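Predicted model, so just to flag it, every value in this text is computed and none were measured. Letters go in sequence order (proteins before strands), and every chain restarts at 1.
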Amino acid sequence: MAYWLIKSEPNKWSWAMQVKAGAKGTFWNGVRNHTAKQNLMAMKKGEEAFFYHSNEGKEIVGIVKVIKTYYPDDSDPTGKFGMCDFAAVKPLKTPVTLEAIKADERLKSMMLVNNSRLSVQPVTDAEWKLICKLGGI
DNA sequence: GCCAACGTTGGC
DNA sequence: GCCAACGTTGGC
């Protein structure tokens, strides 16, 4: 069971909108990078991911799960990229900020810190557990 | 197939 | 709003 982290700009697609989409969830696209695409393709149904707000907030605000694995994005004219569907699982009681992640020795190797531009990232078991704890769940 | 130029992302 | 980091493009 792998864990992931997906990023979204709140003014484009926020956690609130994700929650509103409910249990049946909604597609998550916007990938325009092959590393991110590889990660998306590696996701399996039922796997969980952190939902991160970039630019505004810069914090992990909730957990989503994969409800539909990678499929082509019809709206992409190049046909190169696809998307997955996610549904909101639960919010973190306390959002975990980028600042807090950077400040924690154990989270310094996270891709979020070292490769902030990648929009879909793997998260290790240890990182997942720690961030859940920091988030109050 | 290399590499310079350009565009985009995202933290500050 | 600025700029550094990264990916992509296109000329050679």
Side-chain angles (χ1 to χ4, degrees):
Chain A
M1 189 71 152
Y3 294 111
W4 309 93
L5 181 147
I6 62 173
K7 298 167 43 167
S8 188
E9 297 189 32
N11 52 14
K12 201 172 144 196
W13 183 256
S14 69
W15 171 250
M17 292 165 85
Q18 184 70 53
V19 169
K20 215 173 180 180
K24 75 177 171 62
T26 184
F27 65 90
W28 186 91
N29 64 359
V31 166
R32 42 182 89 67
N33 159 306
H34 293 288
T35 311
K37 180 188 165 179
Q38 289 306 117
N39 289 330
L40 265 187
M41 290 177 79
M43 288 182 187
K44 296 189 183 70
K45 199 173 174 178
E47 287 184 343
E48 293 182 318
F50 286 128
F51 192 92
Y52 175 80
H53 277 175
S54 64
N55 262 324
E56 276 176 52
K58 285 167 291 181
E59 58 195 8
I60 295 169
V61 288
I63 293 172
V64 293
K65 70 176 175 187
V66 181
I67 54 172
K68 187 171 177 184
T69 53
Y70 190 86
Y71 61 103
D73 181 355
D74 288 339
S75 69
D76 174 20
T78 69
K80 280 184 188 170
F81 299 111
M83 53 198 179
C84 291
D85 286 7
F86 293 95
V89 176
K90 57 185 166 185
L92 300 196
K93 276 186 192 147
T94 314
V96 178
T97 62
L98 180 63
E99 196 181 15
I101 291 168
K102 280 185 166 174
D104 196 309
E105 269 311 309
R106 297 161 296 182
L107 296 173
K108 276 206 173 141
S109 59
M110 278 192 77
M111 296 191 75
L112 191 64
V113 177
N114 299 309
N115 190 358
S116 62
R117 293 195 47 204
L118 187 59
S119 51
V120 186
Q121 317 180 348
V123 175
T124 68
D125 286 8
E127 288 160 357
W128 182 270
K129 288 196 184 95
L130 186 55
I131 290 169
C132 284
K133 205 174 160 192
L134 293 174
I137 53 175

- How long is the span from the CG atom in Asp73(A) to the NZ atom in Lys80(A), to the nearest 0.5 Å? 14.0 Å

- Task: Rounded to the nearest 0.5 Å, what's the gap from NZ on Lys7(A) to NZ on Lys12(A)? Could you check?
- Result: 12.0 Å

- Item | side-chain contact (heavy atoms from CB on, under 4.5 Å) evaluation trace for Val64(A) with Trp15(A) | CA-CA 10 Å; Val64(A) 293; Trp15(A) 171 250; 3.7 Å; yes

- Query: What distance do Phe50(A) atom CZ and Gln121(A) atom CD have between them, rounded to the nearest 0.5 Å?
  - Reply: 11.5 Å

- Assert: residue with more 5' nearest nucleotide on DNA chain C, out of Lys80(A) and Asn114(A), is Asn114(A)

- Between OG of Ser116(A) and OH of Tyr52(A), what distance do you get to the nearest 0.5 Å? 8.0 Å

- For Leu98(A), answer base if it contacts any base atom (sugar-phosphate contacts may also be present), sugar-phosphate if it contacts only those atoms, and nothing otherwise; contact means non-hydrogen atoms under 4.0 Å. sugar-phosphate

- Task: Could you check whether the rings of Trp28(A) and Phe86(A) sit parallel, tilted or perpendicular, using 30° and 60° as the cut-offs?
- Result: perpendicular

- Could you check Asn55(A) against Arg117(A) and say which one's nearest nucleotide on DNA chain B is further toward the 5' end? Arg117(A)

- First contact, last contact: which nucleotides of DNA chain C are these for chain A, 5' to 3', heavy-atom distance under 4.0 Å? dA5(C) to dT8(C)

- Mind running a 4.0 Å heavy-atom check of residues 26-37 of chain A against DNA chain C and sending the residues that fall below it, in number order? Asn33(A), His34(A)

- Message: Using side-chain heavy atoms (C-beta onward) and a distance below 4.5 Å, is Ser109(A) in contact with Glu127(A)?
- Response: yes

- Find the distance between NZ (Lys45(A)) and NZ (Lys68(A)) and round it off to the nearest 0.5 Å. 9.5 Å

